[in-house]
Enquirer: 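Sending over a structure as structure tokens; questions will come in a sec.
All of these numbers come straight from a predicted model, not from anything done at the bench.
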Amino acid sequence: MNAKTANRNIAGSEARSALGTVKSLVTCYLVLSVLTLGAIVLMRNNPDLVTDAVWIRGSIVAVTAFLMLSFASGAAKGNPRALLRLRLVSAIMVVVIAVIIALPGGFPTWMKVEQAVCGVLLLGVVGIANGKRVRSAFSK
């Protein structure tokens, strides 16, 4: 299926509304990620709160948030490849976040809380992007 066909399928459909919600969730994820990077910069002189792992994770999350917003925007325009990328990256990020939260040490509590909020936002993305309304708009 090409992007134009998919775009016709989602125009005026429930999928269009669902993908609008996905874009809102991903936008919240992006804003939280950028704010987290700002917090990391502000707390950079406190090694108990900002470790090398926090710098790396915060940077990765911000980059993936920008990518995911691009994917969500493409999916909302009917691009099936963008939807596939969104579905894959959001699911992978949820798994990684679950591991980060579950493993002792590695990250300070404030970062684990921030990651939990990101995880909740992305669980919404995973649920909607893999839901029947969106899948049916992109099938056939």
Side-chain angles (χ1 to χ4, degrees):
M1 169 182 299
N2 65 35
K4 286 184 180 182
T5 303
N7 195 22
R8 274 194 304 250
N9 289 344
I10 67 167
S13 72
E14 289 181 2
R16 185 174 202 72
S17 173
L19 289 168
T21 301
V22 165
K23 280 180 65 175
S24 295
L25 289 169
V26 173
T27 299
C28 290
Y29 174 61
L30 173 61
V31 169
L32 180 57
S33 301
V34 170
L35 290 173
T36 299
L37 271 181
I40 290 169
V41 169
L42 292 174
M43 297 185 294
R44 69 186 175 274
N45 294 323
N46 188 336
D48 292 332
L49 297 177
V50 178
T51 63
D52 288 343
V54 168
W55 276 105
I56 293 166
R57 180 67 190 157
S59 300
I60 289 170
V61 170
V63 169
T64 62
F66 277 107
L67 287 173
M68 286 180 58
L69 185 57
S70 170
F71 301 155
S73 296
K77 293 176 184 172
N79 184 328
R81 287 181 182 245
L83 177 63
L84 176 62
R85 289 179 184 117
L86 176 69
R87 291 171 64 191
L88 289 171
V89 173
S90 61
I92 290 167
M93 291 299 290
V94 167
V95 171
V96 170
I97 288 169
V99 169
I100 286 171
I101 293 169
L103 291 177
F107 293 93
T109 302
W110 75 267
M111 184 85 173
K112 288 187 177 196
V113 170
E114 182 269 347
Q115 286 292 282
V117 174
C118 286
V120 169
L121 293 169
L122 293 182
L123 275 174
V125 172
V126 169
I128 296 168
N130 290 290
K132 184 179 179 181
R133 292 185 295 173
V134 173
R135 281 193 339 259
S136 64
F138 282 84
S139 66
K140 297 182 182 177

Enquirer: For G124 and L25, which heavy atoms make the closest approach, and how far apart are they?
Expert: C-CD1, 3.7 Å
Enquirer: I'd like a table of donor-acceptor pairs (distance under 3.5 Å, sequence neighbours excluded) in which one partner is a side-chain atom from residues 62-72, with atom names and distances.
Expert:
from	atom 1	to	atom 2	distance (Å)
T64	OG1	Y29	OH	3.2
T64	OG1	I60	O	3.2
T64	OG1	V61	O	2.9

Enquirer: If every non-hydrogen atom of A18 is compared with every non-hydrogen atom of R133, which pair is closest and at what distance?
Expert: CB-NH2, 3.8 Å
Enquirer: Using atom types as modelled and distance alone, determine if a side-chain donor or acceptor of W55 lies under 3.5 Å from a backbone N or O of V50.
Expert: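 Side chain of W55 to backbone of V50: no pair is present.
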Enquirer: Please check if M111 and V34 belong to a single hydrophobic cluster, counting links between Ile, Leu, Val, Met, Phe, Trp and Tyr side chain heavy atoms closer than 4.5 Å.
Expert: no
Enquirer: Taking CG in N46 as the centre, count heavy atoms belonging to other residues, nucleotides or ligands within less than 6.0 Å. Is the count above 12?
Expert: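 Count over threshold, so yes.
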Enquirer: Is there a path of hydrophobic side-chain contacts, each under 4.5 Å between heavy atoms, that joins I97 and V94?
Expert: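 As far as the 4.5 Å side-chain criterion goes, V94 and I97 are connected within one cluster.
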Enquirer: Any non-hydrogen side-chain atom of V89 less than 4.5 Å from a side-chain atom of M93?
Expert: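 Counting from C-beta outward, V89 and M93 do come under 4.5 Å.
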Enquirer: What are the two closest non-hydrogen atoms of V134 and I128, and how far apart are they?
Expert: CG2-O, 3.4 Å
Enquirer: If you round to the nearest 0.5 Å, how far is CG of L37 from OG of S33?
Expert: 7.5 Å
Enquirer: Looking only at heavy atoms, what is the nearest atom pair of V26 and L86, with distance?
Expert: CG2-CD1, 4.4 Å
Enquirer: Are V126 and F138 linked, directly or through other ILVMFWY residues, by side chains that come within less than 4.5 angstrom of each other?
Expert: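 Yes: a chain of side-chain contacts under 4.5 Å links V126 to F138.
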Enquirer: Rounded to the nearest 0.5 Å, how far apart are SG of C118 and CG of L30?
Expert: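 Separation between the atoms: 10.0 Å.
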Enquirer: Would you say L121 ends up clustered with V96 if hydrophobic residues are merged whenever their side chains have heavy atoms under 4.5 Å apart, either directly or through other cluster members?
Expert: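 No, separate clusters.
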Enquirer: Taking atom CG of L49 and atom CD1 of I40, what is their separation to the nearest 0.5 Å?
Expert: 11.0 Å
Enquirer: What heavy-atom pair brings K23 and A76 nearest, and what distance separates the two atoms?
Expert: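 Closest heavy-atom pair between K23 and A76: CD-CB, 3.8 Å.
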Enquirer: Mark yes or no for whether R87, through its side chain, and L84, through its backbone, hold a donor-acceptor pair below 3.5 Å.
Expert: no
Enquirer: So, does T51 use its side chain to make a donor-acceptor pair with the main chain of P47 at under 3.5 Å?
Expert: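 No: the side chain of T51 does not pair with the backbone of P47.
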Enquirer: If you compare all heavy atoms of Q115 against all heavy atoms of I101, which two are closest, and at what distance to 0.1 Å?
Expert: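 Here Q115 and I101 meet closest at C-CD1, 4.1 Å.
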Enquirer: Sub-3.5 Å donor-acceptor pair from the side chain of N79 to the main-chain atoms of A75, do we have one?
Expert: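 Not at all, since once roles are kept as given, no pair shorter than 3.5 Å links the two residues.
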Enquirer: Are W110 and I100 linked, directly or through other ILVMFWY residues, by side chains that come within less than 4.5 angstrom of each other?
Expert: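 Result: yes, single cluster for both.
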